[in-house]
Amino acid sequence: MKIIIINGSPRSNGATGQVLSKISETIGKMDSNIEIESIDLAKLNLLFCTGCAACYKTGRCHIQEDGIEDLSRKIEECDGVILGSPTYASNVSAQFKILIDRGHFIFEQLLKNKACFSVVTYANYGGGEAQKVINNLIQRSGGAARCKYMIKINHGDTALNDQRNKHIERLCHKFVLSLNKKNPSSFYDKLVSTIAFNMVIKPYVFKNRSQYKGVISRWVEQGLIPE
């Protein structure tokens, strides 16, 4: 069983990174059989999406030099994903937004039936808006939004303390339990992803079938549609 932890902060050891490190440490102690890989988006130097839509036709981004496709495949092959971002201007970080734009999550249903955990840190306001962006991404990509953690951390304050650590431990326990389920999605997760896929995404793709050959091939591979 494998978990991918993605730190969307431009500062690897900032508040978001500290919380994600604590989550990784806690899960590692709970179950030594879980393989955990942590990835800092800031270290990948991701390039901006050019809006060419090539990924819809070919199933992969035409920009190969920054490792986005390697990350996309790691996410596809893992059992659970933990997504973290600080809050900037009531939204996720620029690095995290590039991941959303370049990772072709939604059309490919990249998080289908995967247990997911969203983490957001903020200093003043807007944390809820940033977490909503992540949770919407999870649900519309077919994932199971099993846990969420949002914490206000004033500049200069420590990201962790006894109370926060206990809360993180409870969430990690819940997340690990969800990993062992064949389909960890709640009724609400299933409802959102089903509506998004069958009423919005699939009709649009089939209407523009020639431009979405890569997407359709991925759906067939995942068993989402018949050959």
Side-chain angles (χ1 to χ4, degrees), residues 1-6 8 37 39 41 46 49-64 67-85 92 96-119 131-148 175 178-227:
M1 194 167 293
K2 184 171 183 177
I3 294 171
I4 299 293
I5 298 179
I6 298 176
E37 182 175 359
I39 298 169
L41 294 184
L46 298 179
C49 175
T50 62
C52 68
C55 58
Y56 299 151
K57 184 177 288 188
T58 66
R60 59 191 292 114
C61 182
H62 77 96
I63 303 171
Q64 297 293 309
I68 189 66
E69 286 302 316
D70 290 338
L71 176 55
S72 182
R73 297 287 76 84
K74 285 180 179 181
I75 293 172
E76 179 187 5
E77 294 167 1
C78 74
D79 302 287
V81 183
I82 300 172
L83 301 163
S85 174
V92 295
F96 199 96
K97 184 59 170 63
I98 294 175
L99 173 67
I100 295 174
D101 294 344
R102 295 273 312 285
H104 36 91
F105 282 80
I106 295 176
F107 276 111
E108 286 198 8
Q109 295 293 284
L110 197 63
L111 301 178
K112 188 69 176 178
N113 295 330
K114 297 185 189 300
C116 300
F117 188 159
S118 65
V119 175
Q131 190 156 65
K132 185 176 180 179
V133 170
I134 299 177
N135 287 339
N136 282 342
L137 174 69
I138 291 169
Q139 290 166 339
R140 293 168 187 172
S141 302
R146 302 310 300 143
C147 298
K148 59 182 180 180
F175 183 69
S178 70
L179 286 171
N180 295 314
K181 294 181 179 179
K182 185 176 181 180
N183 187 342
S185 299
S186 66
F187 174 78
Y188 180 72
D189 290 327
K190 292 176 184 176
L191 180 64
V192 172
S193 62
T194 298
I195 291 173
F197 183 68
N198 290 297
M199 298 183 69
V200 181
I201 301 171
K202 189 162 69 171
Y204 182 80
V205 167
F206 283 165
K207 182 180 178 180
N208 302 277
R209 184 183 293 266
S210 64
Q211 299 299 315
Y212 287 82
K213 293 178 181 178
V215 172
I216 293 172
S217 294
R218 293 288 301 112
W219 290 352
V220 172
E221 291 174 8
Q222 292 173 284
L224 296 177
I225 60 172
E227 292 190 40

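Quick note: residue numbers are just sequence positions, from 1. What you are looking at is a predicted structure, and each value in this text was computed from that prediction instead of being measured.
The distance from the OG atom of Ser217 to the CD atom of Gln222 is 11.0 Å, given to the nearest 0.5 Å. With rounding to the nearest 0.5 angstrom, the CD atom of Glu108 is 5.0 Å from the CZ atom of Arg218. Between the CG atom in Asp101 and the CZ atom in Phe96 there is a gap of 11.0 Å [rounded to 0.5 Å]. Taking CD1 from Ile39 and CD1 from Ile82, the interatomic distance works out to 12.0 Å, rounded to the nearest 0.5 Å. Atom CG of Leu71 and atom CG of Leu41 lie 6.5 Å apart (nearest 0.5 Å). We find the OH-OH distance between Tyr212 and Tyr204 to be 4.0 Å, quoted to the nearest 0.5 Å.
With hydrogens and angles ignored, the 3.5 Å screen pairs a side-chain donor or acceptor of Lys114 with a backbone N or O of Cys78. In this structure a side-chain-to-backbone donor-acceptor pair under 3.5 Å is present from Arg146 to Pro184. A distance-only check finds no donor-acceptor pair linking the side chain of Ser72 to the backbone of Glu69 [under 3.5 Å].
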Anything under 3.5 Å between a donor and an acceptor, one on a side chain of residues 132-141, the other on a protein residue two or more places apart or in another chain? List them.
residue, atom, partner, partner atom, Å
Asn135, OD1, Ser118, OG, 2.9
Asn136, ND2, Lys132, O, 3.3
Gln139, NE2, Asp189, OD1, 3.4
Ser141, OG, Leu137, O, 2.7

Exercise for the section: List the steps, then state whether side-chain contact (heavy atoms from CB on, under 4.5 Å) holds for Ile100 with Phe105. Expected result: CA-CA 7 Å; Ile100 295 174; Phe105 282 80; 5.5 Å; no
Handout entry: Worked check of side-chain contact (heavy atoms from CB on, under 4.5 Å) between Phe175 and Ile3
Key = CA-CA 11 Å; Phe175 183 69; Ile3 294 171; 3.7 Å; yes
Practice task
Show the numbers, then the answer: is there a side-chain contact (heavy atoms from CB on, under 4.5 Å) between Leu224 and Lys202?
Solution key: CA-CA 10 Å; Leu224 296 177; Lys202 189 162 69 171; over 6 Å; no
Handout entry: Working for side-chain contact (heavy atoms from CB on, under 4.5 Å), residues Ile4 and Leu83
Key = CA-CA 8 Å; Ile4 299 293; Leu83 301 163; over 6 Å; no
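Between Glu77 and Lys2, none of the side-chain N atoms (NZ, or NE/NH1/NH2) sits under 4.0 Å from a carboxylate O, so this pair counts as no salt bridge.
Contact between His62 and Ala54 at its shortest, heavy atoms only, is CB-CB, 4.5 Å. Closest approach of Asp79 to Met1, counting heavy atoms only: OD2-CA, 3.2 Å. The minimum heavy-atom distance linking Cys61 with Cys55 is given by the pair N-CB, 4.1 Å.
Considering only heavy atoms from C-beta on, Ile5 stays 4.5 Å or farther from Phe117 through its side chain.
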